[in-house]
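Scroll down for the structure; my scribbles are underneath it.
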Amino acid sequence: MARVLTGVQSTGVPHLGNILGAMLPAIEMSNQSENEAFLFIADLHSLTTVRSAEVLRNNTYGTAAAWLALGFDADKNTFYRQSDVTEVTELTWYLNCFTPYPMLANAHSFKDKSNRLSDVNAGLFIYPVLMAADIILYDADVVPVGKDQKQHLEMTRDIASSVNSQYGDVFVLPEAVIDEKVMIIPGIDGQKMSKSYNNFIDIFLPEKELRKQVMKIVTDAKALEDVKDPEDSIIVDLYSFLANDEELGAMKANYLAGNYGYGHAKQALFEVILDRFGNARQEHSRLMADLNAIDEVLLKGAEKARLVAQNTLQRVRSKLGYHS
Ligand code: ADP
Ligand code: TRP
């Protein structure tokens with residue numbers, strides 16, 4: 001059985017791009033009986049940039065509710081908040097002492113963030129070490145991540161190997177799984193959908209606001225009666241990820257026939273979102289109205305995670321020369 005582990009940032013509610021590109025595939029993988037998934041919300045990492053307790057807390061609940069509402073099975077797998085298993089911070093210290101300073105100083109994401117942000121704190125600098133601790137604390141075999149995290153996984157292996165070569169086999173070396181051909185879901189302006197471009201669709205919004213977002217999708221100025229090109233339409237692109245073949249075929253035919261406005265196409269897209277995510281939307285609002293229910297799931301997950309974490313730490317402490 002492979003132990004698959006991944007962490008998700010808690011920077012706001014996941015959008016349609018995150019859901020189709022990352023979350024649903026991860027949920028599918030976690031449901032397979034040969035895999036055991038560890039999934040956590042990386043809320044300690046968030047403190048490198050978030051400066052509001054309320055924002056931090058709400059983002060964590062919103063993210064957790066989204067995973068649960070979309071069908072992540074927290075009983076079969078292990079689902080927790082990073083900050084609930086404080087063992088990770090102890091391991092981070094040990095790993096810090098095996099991490100060469102230049103490795104951190106030259107990391108792409110650190111260079112990028114330190115150029116952009118006014119507050120360049122030491123947390124940002126050791127971000128990759130905390131991430132390495134997240135992974136090796138749980139003896140993870142496989143870590144599915146986006147391309148932007150590839151270097152962090154290489155650093156994790158380097159740090160773990162350095163400990164192993166000096167102290168014997170202490171850590172499992174994790175393999176990154178990077179899906180090179182991930183689909184790219186366009187945002188309402190046609191660029192990649194992203195929180196940073198503010199062009200996203202939040203499927204968990206109340207109906208009226210969700211419809212408003214869909215209605216903002218950019219189109220050309222063709223009139224209702226004009227023939228339209230289905231191969232050059234953000235609406236059709238988005239629809240193709242959600243509708244079945246018959247529905248998609250019908251929309252394309254309508255484009256080519258004329259007398260079918262972009263407003264009609266947007267309405268069809270809105271309806272397919274409601275149809276496909278109706279249950280998830282309901283479950284998400286139920287959870288967000290009962291944060292204790294989310295806490296309960298996460299704390300149960302943390303208890304499961306802590307058993308593994310304590311076991312690893314005991315091994316590490318004893319290998320390094322500390323009382324265990
Ligand atoms: P954002 O760009 O909104 O900040 P993140 O970088 O936090 O999103 O991405 C979280 C996960 O969602 C990653 O695995 C990423 O590959 C996936 N993802 C984000 N945006 C899209 C998109 N437009 N299409 C497909 N997958 C996406
Ligand atoms: N740094 C990752 C990101 O930005 C999130 C993360 C934190 C993570 N710890 C992890 C991912 C451990 C995989 C494994 O997306």
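Whatever order the structure lists ligands and atoms in, that order sets their numbers, starting from 1. Everything numeric here is computed off the predicted structure, so don't read it as measured data.
The closest protein non-hydrogen atom to atom 1 (N) of ligand 2 is Tyr127 OH, 2.8 Å. From the protein, the heavy atom lying nearest to atom 2 (C) of ligand 2 is Gln149 OE1, 3.4 Å. Atom 13 (C) of ligand 2 has Gly7 N, 3.4 Å as its closest protein atom, hydrogens excluded (heavy atom only).
For ligand 1, the atoms closer than 4.0 angstrom to any heavy atom of Ala22 are 11 (C), 12 (O), 14 (O), 17 (C). In summary, the atoms of ligand 2 found under 4.0 Å from a heavy atom of Val143, numbered by their order in the structure, are 13 (C), 14 (C). Atoms of ligand 1 lying under 4.0 Å from any heavy atom of Met193, numbered from 1 in the order shown and given with element: 20 (N), 21 (C), 22 (C), 23 (N). Against a heavy-atom cut-off of under 4.0 Å, Gly21 is close to the following atoms of ligand 1: 25 (C), 26 (N). Remark: ligand 1 atoms within the under-4.0 Å shell around heavy atoms of Ile184 are 24 (N). For ligand 2, the atoms closer than 4.0 angstrom to any heavy atom of Asp134 are 7 (C), 9 (N), 10 (C), 12 (C). The distance from ligand 2 to the heavy atoms of Phe40 drops below 4.0 Å at these ligand atoms: 9 (N), 10 (C), 12 (C).
Inside a 4.0 Å radius of atom 6 (O) of ligand 1 there is not any protein heavy atom.
The pair Arg57-Asp43 does not count as a salt bridge, with every side-chain nitrogen at least 4.0 angstrom from each carboxylate oxygen. Asp295 and Arg81 are joined by a salt bridge, as a carboxylate oxygen and a charged side-chain nitrogen come within less than 4.0 angstrom of each other. Look at Asp119 and Arg51 and you find a salt bridge, because one of the NZ, NE, NH1 or NH2 atoms lies within 4.0 Å of a carboxylate O, short of that distance.
By the criterion of a heavy-atom distance under 4.0 Å, the backbone of Met183, and not its side chain, is placed next to ligand 1. By the criterion of a heavy-atom distance under 4.0 Å, both the backbone and the side chain of Ser194 are placed next to ligand 1.
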Intermediate values then yes/no, side chain to side chain donor-acceptor pair (under 3.5 Å), Glu36 and Asn77
CA-CA 6 Å; Glu36 178 193 13; Asn77 302 294; over 6 Å; no
Go through it in stages, so that I can follow the logic: the residues are Tyr94 and Phe171, the test is ring pair (Phe, Tyr, Trp, His ring centres under 6.0 Å), and I'd like the CA-CA distance, side-chain angles, deciding distance and then a yes or no.
CA-CA 12 Å; Tyr94 302 146; Phe171 296 126; 9.3 Å; no
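Taking distance alone, with nitrogen or oxygen atoms compared against 3.5 Å, Asp148 stays at or beyond that limit from ligand 1. Considering backbone and side-chain N/O atoms, Gln9 comes within less than 3.5 Å of an N/O atom of ligand 2. Between Thr6 and ligand 2, not a single N/O pair is under 3.5 Å apart. Considering backbone and side-chain atoms alike, Gln9 places every N or O at 3.5 Å or more from each N or O of ligand 1. The shortest N or O to N or O distance between Gly146 and ligand 1 is not below 3.5 Å.
A donor-acceptor pair under 3.5 Å links the side-chain atoms of Asn59 to the main chain of Ser10, judged by distance alone. For Lys76 (side chain) and Phe72 (main-chain N/O), no donor-acceptor pair under 3.5 Å exists by modelled atom type.
What you find for Tyr127 and His45 is that their closest heavy atoms are O-NE2, 3.1 Å.
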